[in-house]
Protein chains: 2
Amino acid sequence: MEQLIRYVQQVLPLSPAKATALVARFKPVVFEKNSYLLQAGQICNTYYFIETGILRAYAYDLEGNEVTTAFFSENSFASDLLSFFQREPSREYIQALSDCRTWALSYDDMQENFHSLPEFREFGRLKIVASYGQLKGRMLSMLQETAEERYAGLLKNSPGLFRQVPLKYIASYLGITDSTLSRLRKASVKK
Amino acid sequence: MEQLIRYVQQVLPLSPAKATALVARFKPVVFEKNSYLLQAGQICNTYYFIETGILRAYAYDLEGNEVTTAFFSENSFASDLLSFFQREPSREYIQALSDCRTWALSYDDMQENFHSLPEFREFGRLKIVASYGQLKGRMLSMLQETAEERYAGLLKNSPGLFRQVPLKYIASYLGITDSTLSRLRKASVKK
DNA sequence: CGCATTTCTTGCCTTTTGTCAAGTGGAATT
DNA sequence: AATTCCACTTGACAAAAGGCAAGAAATGCG
């Protein structure tokens, strides 16, 4: 739990008392490797802080292929923000790729926090704007970079990912096939 | 101004009095065709409601090519949300593609509204979640659809766009070159 | 350990998209 | 009316990425 408190304070500097109050409603939940935190069709009702472990979110395209939409690693939040805030059924699955320890905050508890703690409103706004920013950066990289540049960028920013998750998931996250990713890797070794 | 009030009430049902108070701080601003509402390097300080006209946002990639990141049309808001809320320099330009009539809300006035009107907080949260949702949908379409499918989708959802803006901007918005877009159009006529 | 499953790589070939340059047509400008 | 500019199209070729299938390597499991 200290880890979560530290994380919150790093996003939004707060007194220890405030920070503790802010995270008080989070409850510990563990997930086994390959289990699901969320399934398509459900309304995402929980906002998870990942203490240990790694997860991915994915959806299916029209031909039935899995498309990895996000990875979530330690010290970050996992959720389908859209389903969570708009209270609508998710189109995604969130799956644990390893055993995970998390802290879970329900939608109702988040609303309570919003009402009782002005700081939490600020925290919430910061987090969603940050998520928007991340998504925008990724969108831009899809529009203006080649697959090779996107691969190089991800390798640079998240080298750990390549040690933790199967390449085929990374490939679909980058918007390419696993064959193409394999070839890009081969080509980049030569350089 | 009635148009803006109607728009607000459609996003968030409110009494006429509340809605009027909510939009009271917006000020009318007009832009000539080809003028800029925002330039890269500036901190986006205004949130614009577009009453009439059409605009685009664009950035430059590493080779110096323009990449259109968004279109804004009548009855919607134009802004660089990231720069606006994070108070950091924008990397984008927002340009009027036609003469535009807008209602402008400054960052400070928005903060005032946040403090004095709880409904406005709700409105703000709804709008940013909606923007996040749009961006996510577009991201997904980049990951899982072919250029041809993206073109067909945009044509279906925003047919007006093709009558109002040069195809080259639409091409870079779709993540393809104008040559490719021209060929896709030719091919889709045959069907 | 040995077998089964999954992950990853690779070759061959096709499809998609890009690049470059030329050319057309229309709108704006002088 | 002539000129310039811009948007769009098109052809020829090149590069990037995908589809499919075979096989190698790694992993999981009884």
Side-chain angles (χ1 to χ4, degrees), chain A residues 32-35 54 56 58 60-68 71 95-99 141-155 159-191, chain B residues 32-35 54 56 58 60-68 71 95-99 141-155 159-191:
Chain A
E32 289 195 343
K33 179 170 177 172
N34 292 327
S35 64
I54 186 156
R56 70 166 182 135
Y58 67 93
Y60 288 96
D61 69 12
L62 297 172
E63 283 100 45
N65 307 304
E66 286 181 7
V67 181
T68 298
F71 293 106
Q95 182 183 31
L97 296 179
S98 69
D99 291 347
S141 82
M142 290 299 298
L143 285 177
Q144 61 186 196
E145 292 177 17
T146 64
E148 188 171 359
E149 289 166 333
R150 293 200 300 277
Y151 163 69
L154 187 64
L155 186 58
L161 256 195
F162 291 80
R163 272 174 268 120
Q164 292 180 88
V165 319
L167 290 176
K168 60 177 182 172
Y169 298 153
I170 295 178
S172 82
Y173 179 78
L174 290 171
I176 58 181
T177 62
D178 51 350
S179 302
T180 298
L181 177 56
S182 181
R183 291 185 183 110
L184 289 179
R185 282 158 56 80
K186 188 180 179 184
S188 83
V189 165
K190 268 198 294 195
K191 291 178 187 171
Chain B
E32 289 194 343
K33 181 171 179 174
N34 293 325
S35 65
I54 186 156
R56 70 168 182 135
Y58 67 93
Y60 287 95
D61 70 12
L62 297 171
E63 283 100 45
N65 308 306
E66 286 182 5
V67 181
T68 298
F71 292 106
Q95 182 183 30
L97 297 179
S98 68
D99 291 347
S141 81
M142 290 298 299
L143 285 177
Q144 62 185 196
E145 293 176 16
T146 64
E148 188 172 357
E149 290 165 333
R150 294 199 301 279
Y151 162 68
L154 187 64
L155 186 57
L161 211 54
F162 290 81
R163 273 175 266 121
Q164 292 181 87
V165 319
L167 290 175
K168 59 177 183 175
Y169 297 153
I170 293 178
S172 83
Y173 179 79
L174 290 170
I176 59 181
T177 61
D178 51 350
S179 303
T180 297
L181 178 56
S182 179
R183 290 182 183 114
L184 290 179
R185 281 158 56 81
K186 188 180 177 184
S188 83
V189 165
K190 269 199 293 193
K191 290 178 187 170

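Side chains included, hydrogens not; waters and symmetry mates left out as well; all remaining heavy atoms used. Within every chain, numbering begins at 1; the chains are lettered A, B, ... in the order of the sequence lines, protein sequences first and strands thereafter.
- Taking atom OH of B/Tyr151 as the reference point, atom C1' of C/dT16 lies 17 Å away to the nearest angstrom.
- Under the side-chain contact (heavy atoms from CB on, under 4.5 Å) criterion, B/Val165 pairs with B/Ile54, B/Phe71, B/Leu97, B/Leu161, B/Ile170, sequence neighbours left out.
- For A/Ala147, the side-chain contact (heavy atoms from CB on, under 4.5 Å) partners are A/Arg150, A/Ile176, A/Leu184, not counting sequence neighbours.
- Separating the CD atom of A/Glu148 from the P atom of C/dG18 is a distance of 16 Å, rounded to the nearest angstrom.
- Within the structure, side-chain hydrogen bond (donor to acceptor under 3.5 Å, both in side chains) contacts touching residues 171-181 of chain A (residues at least two apart or in different chains) are A/Thr68-A/Ser172, A/Thr177-A/Thr180.
- Summarising the geometry, the separation between CG on B/Leu143 and P on D/dG18 is reported as 11 Å, rounded to the nearest angstrom.
- Whole-Å rounding puts the B/Leu97 CG to D/dC6 C1' distance at 15 Å.
- For the OP1/OP2 pair of D/dA17 and a distance below 4.0 Å, the side-chain nitrogens and oxygens of A/Thr180 include no atom meeting the criterion.
- Atom pair B/Leu184:CG and C/dT15:P shows a separation of 16 Å (rounding to whole Å applied).
- With distances taken from any side-chain atom of B/Arg183 to the nucleotides C/dT10, C/dT19, D/dT9, the minimum falls on C/dT19.
- When the side chain to side chain donor-acceptor pair (under 3.5 Å) test is applied to B/Tyr58, the partners found at least two apart in sequence or on another chain are B/Tyr36.
- The salt bridge (charged side-chain N to carboxylate O under 4.0 Å, His left out) search around A/Glu66 returns A/Arg56, not counting sequence neighbours.
- Between its two ends, the helix from C/dC1-D/dG30 to C/dT30-D/dA1 turns its axis by 40°, counting five pairs per end and rounding to 10 degrees.
- Take A/Glu149 and apply the salt bridge (charged side-chain N to carboxylate O under 4.0 Å, His left out) test, not counting sequence neighbours, and it matches no residue.
- Contacts of residues 163-179 of chain B with DNA chain D (heavy atom under 4.0 Å): B/Pro166, B/Leu167, B/Lys168, B/Ser179.
- Between the CG atom of A/Asp61 and the P atom of D/dG18 there is a distance of 12 Å, rounded to whole Å.
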Give me, pair by pair, the N or O atoms of the protein and of nucleotides 23-29 of chain C that are less than 3.5 Å apart, along with how far apart they are.
none

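- Protein atom NZ of A/Lys186 is 16 Å distant from nucleotide atom P of D/dA16, rounded to whole Å.
- Applying the side chain to side chain donor-acceptor pair (under 3.5 Å) test to A/Asp99 and every residue at least two apart in sequence or in another chain returns nothing.
- The distance from the NZ atom of A/Lys33 to the CD atom of A/Gln95 is 10.0 Å, given to the nearest 0.5 Å.
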Any chance you could list the contact pattern along nucleotides 22-30 of chain D? Use B for base contacts, S for sugar-phosphate-only contacts and - for none, protein heavy atoms under 4.0 Å, 5' to 3'. ------S--
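- Shown here are the side-chain contact (heavy atoms from CB on, under 4.5 Å) partners of B/Asp61, two or more places apart in sequence or in another chain: A/Gln144, B/Glu63, B/Asn65, B/Val67.
- Between the C1' atom of C/dT9 and the CG atom of A/Leu181 lies a distance of 11 Å, rounded to the nearest Å.
- In terms of heavy atoms, B/Leu181 sits closest to B/Leu167 at CD2-O, 3.4 Å.
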